Number of protein chains: 2
Amino acid sequence: MSNLILRNIRPLGESVTDLLIADGKIAAYGTVPPAPGTAEEDGRGAILWPGLIDAHTHLDKTTWGMGWHENNRAAVLRERIDFERENRLGLGIDPHRQSMRHAIGLAANGASHIRSHVDIDPTHGLRLVEGVQETRRKLRDIIDIEIVAFPQSGLMVTPGTAELLDQALAQGCAVLGGIDPCGIDRDPKGQLDTLFALAVKHGVPIDIHLHETGELGAFTMELIFERVRANGMQGKFVISHAFALGMNDHLRVGKLIEEIAELDIGIATTGAPSATVPSVKRLREAGLRVGAGCDGIRDTWGPWGLPDMMDRARIIGMRNGVRSDNDLRHMLELVSQGGADLMGIEGYGVAIGCNADFTLLNGETIGHAVVQPSPPPLVVKAGRVIARNGQCIMDMP
Amino acid sequence: MSNLILRNIRPLGESVTDLLIADGKIAAYGTVPPAPGTAEEDGRGAILWPGLIDAHTHLDKTTWGMGWHENNRAAVLRERIDFERENRLGLGIDPHRQSMRHAIGLAANGASHIRSHVDIDPTHGLRLVEGVQETRRKLRDIIDIEIVAFPQSGLMVTPGTAELLDQALAQGCAVLGGIDPCGIDRDPKGQLDTLFALAVKHGVPIDIHLHETGELGAFTMELIFERVRANGMQGKFVISHAFALGMNDHLRVGKLIEEIAELDIGIATTGAPSATVPSVKRLREAGLRVGAGCDGIRDTWGPWGLPDMMDRARIIGMRNGVRSDNDLRHMLELVSQGGADLMGIEGYGVAIGCNADFTLLNGETIGHAVVQPSPPPLVVKAGRVIARNGQCIMDMP
């Protein structure tokens with residue numbers, strides 16, 4: 001755990017001050033005398049912000065740093081899943097190397113924590129999880145990675161998957177994933193009962209992909225509500241995407257949000273510009289825990305995305321029709337504190353005593369920092385500088 | 001008009017070749033022998049693409065390069081218009097200086113042509129137009145700017161505006177603008193009859209902002225169709241935004257598109273992620289002329305936007321749910337050939353004999369060039385290098 005003096009920074013965009021980091025924690029602001037043997041950095045007036053959090057991504061899927069993956073397949077969701085499963089290793093998408101690239105990219109752009117869903121299916125067993133676990137170990141001092149055991153190919157339609165999820169949780173995956181119990185699995189009761197039984201057995205939270213739109217997604221949410229309540233899993237469930245909350249029925253969505261709030265279910269959004277995403281402002285007004293993620297980037301599913309939570313803050317902001325400085329600040333909170341709330345990260349923030357996991361941001365104001373693409377001048381993890389100007393101290397493999 | 005030899009480029013992403021530019025025109029591809037006195041550039045294998053075109057922007061509005069404009073006003077469209085009109089000059093938004101910054105930014109990022117709407121109202125008379133006209137003169141060798149005389153504050157609700165538009169067209173504005181004949185002017189017949197009379201008098205095309213959504217916008221479109229037909233203005237009308245074409249009624253939209261195609265009306269889109277934008281794929285399949293623009297960037301209306309048509313191609317692509325390489329190429333065509341089709345630019349393209357207005361793009365493939373933010377290595381206007389790596393040869397004032 002490192003000591004460091006950081007001068008000339010603006011914590012959360014406030015007045016310029018200095019910062020002392022001791023034993024990897026935020027120790028003091030204000031007048032910090034030089035200390036023999038303690039390194040100093042000049043923040044040059046940049047904004048100090050807690051480490052960014054990618055609360056929904058797929059480290060095992062990206063082609064980042066590989067040759068361009070040409071894709072003119074006309075595919076529906078099920079076909080995308082099958083194509084990827086059957087071709088990923090043959091295409092050279094090594095889960096360890098690629099997750100290293102993806103995670104180092106996120107760290108270089110200011111992130112301190114990642115929640116990554118990682119595919120589990122009978123074709124690969126736990127191989128993909130093991131690749132990302134290796135990355136987690138290697139990047140321990142760079143960025144925290146939480147792994148979600150994720151049945152990408154479905155649970156009920158892909159026999160053998162439930163047993164693999166069970167093994168993955170026994171081997172340390174922190175969260176159990178799920179996907180479209182109706183749309184993919186064609187058996188919502190089957191998938192959800194299986195997931196809740198596994199989660200209760202291992203004492204882990206659930207984070208489920210729910211792309212189902214409109215009334216179908218709302219139906220699945222109601223099945224989830226029943227089971228969260230029955231299993232006492234309030235505060236231990238996240239719905240990712242939650243496209244049903246973007247449906248064009250204000251009153252119906254309001255009822256769903258009320259129940260989500262009551263059960264303390266978290267929401268992870270990507271702000272996908274072409275999807276019926278939930279209004280992040282409405283979710284906040286209802287008091288929900290809401291985080292954000294880049295989702296898959298440049299993978300066999302599609303070409304978009306960067307390993308950059310500031311880019312994601314901009315996408316979510318544009319998608320949500322944000323204009324004001326107050327709302328721009330909310331976008332930055334979504335990709336930081338919002339993710340911490342979702343993942344239950346302890347010691348998060350830039351208050352005295354918090355872990356010294358933070359990034360500096362260029363910008364006159366918070367709003368300016370959000371809208372102006374600019375690599376972060378300095379990123380610090382546990383009190384140690386791990387990136388400068390968008391370059392991580394560890395090279396991508 | 002310049003001569004130049006450009007080696008090692010991939011025209012439209014095809015095989016590597018050399019290019020000879022003579023007298024500012026594309027003269028030859030293939031083996032180009034060195035010529036005494038003719039400069040040479042090494043394209044390093046980059047993609048050669050015709051100059052990008054911002055077919056819908058507002059050069060007179062941006063705060064680019066100024067201090068951050070804090071904005072926590074809760075405002076509807078009419079209030080945004082009024083706030084800007086009453087405060088723009090006091091805030092220091094000088095139309096000449098700011099349009100220089102905006103246009104130089106676009107050129108640095110690969111643009112060769114701009115269609116800019118410029119506000120005309122009784123508060124400013126033609127002052128804002130004159131500021132942008134000065135920019136047009138100064139940047140004559142850098143980028144082409146076409147000015148739309150634009151009644152931002154409304155025509156019927158703001159007496160004196162029609163006379164000012166008449167003057168502006170007499171003084172060389174190339175296009176007549178308009179805005180939400182129902183939503184802003186509360187008198188669709190009044191505004192449209194006035195606009196068409198002015199356009200016919202001056203022999204100029206019309207390019208109207210139409211933010212009106214759903215049936216209201218469809219109604220206004222029908223009034224436009226009647227007048228395009230009655231005045232023989234087929235091929236001389238552009239509907240910008242056209243949010244009504246994003247309404248959730250496939251058949252109704254289909255009927256509107258059929259008539260737009262028959263009347264050869266062009267569409268300019270910004271792909272706004274929070275708006276009901278038209279599907280660019282559907283418009284293309286109907287054979288429409290469709291261009292794209294960044295709209296206002298970082299102005300008193302809102303904080304978003306960059307002077308960068310590649311960024312805009314990405315926004316439109318994400319908004320339209322694009323995934324395939326073929327569709328990524330379509331996004332690049334929208335911000336280039338699409339704009340040329342809309343504006344009727346002669347000599348556009350990279351075929352032999354075309355004007356040597358082009359940009360190089362980094363990327364293994366067209367798709368890669370679209371999704372990967374990267375400043376263009378070289379931008380050429382009329383055969384002369386005007387920007388390298390995102391830096392224009394002319395500094396922003």
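Computed from a predicted structure; not experimentally measured.
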With sequence neighbours excluded, tell me which residues meet side-chain contact (heavy atoms from CB on, under 4.5 Å) with A:Pro11.
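A:Pro11: side-chain contact (heavy atoms from CB on, under 4.5 Å) contacts with A:Ile9, A:Thr17, A:Tyr29, A:Leu48.
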
I'd like to know which of A:Pro373, A:Gly317, A:Ala275 tops the heavy-atom pair count under 4.5 Å against chain B.
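Among A:Pro373, A:Gly317, A:Ala275, the one with the most close pairs to chain B is A:Gly317.
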
Among A:Ala272, A:Gly67, A:Gly302, who wins on heavy-atom pairs under 4.5 Å with chain B?
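Of A:Ala272, A:Gly67, A:Gly302, A:Gly67 has the most heavy-atom pairs under 4.5 Å with chain B.
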
Check whether any side-chain heavy atom of A:Pro273 sits under 4.5 Å from a side-chain heavy atom of B:Ile315, and report yes or no.
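A side-chain contact under 4.5 Å is absent here.
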
Distance-only check: which donor-acceptor pairs of chain A and chain B lie under 3.5 Å?
{"unit_1": "A:Trp68", "atom_1": "N", "unit_2": "B:Glu364", "atom_2": "OE1", "d": "2.9"}
{"unit_1": "A:Trp68", "atom_1": "N", "unit_2": "B:Glu364", "atom_2": "OE2", "d": "3.2"}
{"unit_1": "A:Trp68", "atom_1": "NE1", "unit_2": "B:Asp325", "atom_2": "OD2", "d": "2.6"}
{"unit_1": "A:Trp68", "atom_1": "NE1", "unit_2": "B:Thr365", "atom_2": "OG1", "d": "3.2"}
{"unit_1": "A:Asn71", "atom_1": "N", "unit_2": "B:Asp325", "atom_2": "OD1", "d": "2.6"}
{"unit_1": "A:Asn71", "atom_1": "O", "unit_2": "B:Asp325", "atom_2": "N", "d": "3.0"}
{"unit_1": "A:Asn72", "atom_1": "OD1", "unit_2": "B:Asp325", "atom_2": "N", "d": "3.2"}
{"unit_1": "A:Asn72", "atom_1": "OD1", "unit_2": "B:Asn326", "atom_2": "N", "d": "2.8"}
{"unit_1": "A:Asn72", "atom_1": "OD1", "unit_2": "B:Asn326", "atom_2": "ND2", "d": "3.2"}
{"unit_1": "A:Asn72", "atom_1": "ND2", "unit_2": "B:Asn326", "atom_2": "OD1", "d": "3.4"}
{"unit_1": "A:Pro273", "atom_1": "O", "unit_2": "B:Arg319", "atom_2": "NH1", "d": "3.0"}
{"unit_1": "A:Arg298", "atom_1": "NH1", "unit_2": "B:Gln372", "atom_2": "OE1", "d": "3.1"}
{"unit_1": "A:Arg298", "atom_1": "NH2", "unit_2": "B:Gln372", "atom_2": "OE1", "d": "2.6"}
{"unit_1": "A:Trp301", "atom_1": "O", "unit_2": "B:Arg323", "atom_2": "NH1", "d": "2.9"}
{"unit_1": "A:Trp304", "atom_1": "NE1", "unit_2": "B:Val322", "atom_2": "O", "d": "2.7"}
{"unit_1": "A:Arg319", "atom_1": "NH1", "unit_2": "B:Pro273", "atom_2": "O", "d": "3.0"}
{"unit_1": "A:Val322", "atom_1": "O", "unit_2": "B:Trp304", "atom_2": "NE1", "d": "2.7"}
{"unit_1": "A:Arg323", "atom_1": "NH1", "unit_2": "B:Trp301", "atom_2": "O", "d": "2.9"}
{"unit_1": "A:Asp325", "atom_1": "N", "unit_2": "B:Asn71", "atom_2": "O", "d": "3.0"}
{"unit_1": "A:Asp325", "atom_1": "N", "unit_2": "B:Asn72", "atom_2": "OD1", "d": "3.2"}
{"unit_1": "A:Asp325", "atom_1": "OD1", "unit_2": "B:Asn71", "atom_2": "N", "d": "2.6"}
{"unit_1": "A:Asp325", "atom_1": "OD2", "unit_2": "B:Trp68", "atom_2": "NE1", "d": "2.6"}
{"unit_1": "A:Asn326", "atom_1": "N", "unit_2": "B:Asn72", "atom_2": "OD1", "d": "2.8"}
{"unit_1": "A:Asn326", "atom_1": "OD1", "unit_2": "B:Asn72", "atom_2": "ND2", "d": "3.4"}
{"unit_1": "A:Asn326", "atom_1": "ND2", "unit_2": "B:Asn72", "atom_2": "OD1", "d": "3.2"}
{"unit_1": "A:Glu364", "atom_1": "OE1", "unit_2": "B:Trp68", "atom_2": "N", "d": "2.9"}
{"unit_1": "A:Glu364", "atom_1": "OE2", "unit_2": "B:Trp68", "atom_2": "N", "d": "3.2"}
{"unit_1": "A:Thr365", "atom_1": "OG1", "unit_2": "B:Trp68", "atom_2": "NE1", "d": "3.2"}
{"unit_1": "A:Gln372", "atom_1": "OE1", "unit_2": "B:Arg298", "atom_2": "NH1", "d": "3.1"}
{"unit_1": "A:Gln372", "atom_1": "OE1", "unit_2": "B:Arg298", "atom_2": "NH2", "d": "2.6"}

A:Val322 versus chain B, the contacting section by heavy-atom distance below 4.5 Å:
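Answer is both: backbone and side chain atoms of A:Val322 are under 4.5 Å from chain B.
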
Only pairs of heavy atoms separated by less than 4.5 Å count here; which of B:Pro303, B:Gly305, B:Gly321 has the most with chain A?
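Among B:Pro303, B:Gly305, B:Gly321, the one with the most close pairs to chain A is B:Pro303.
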
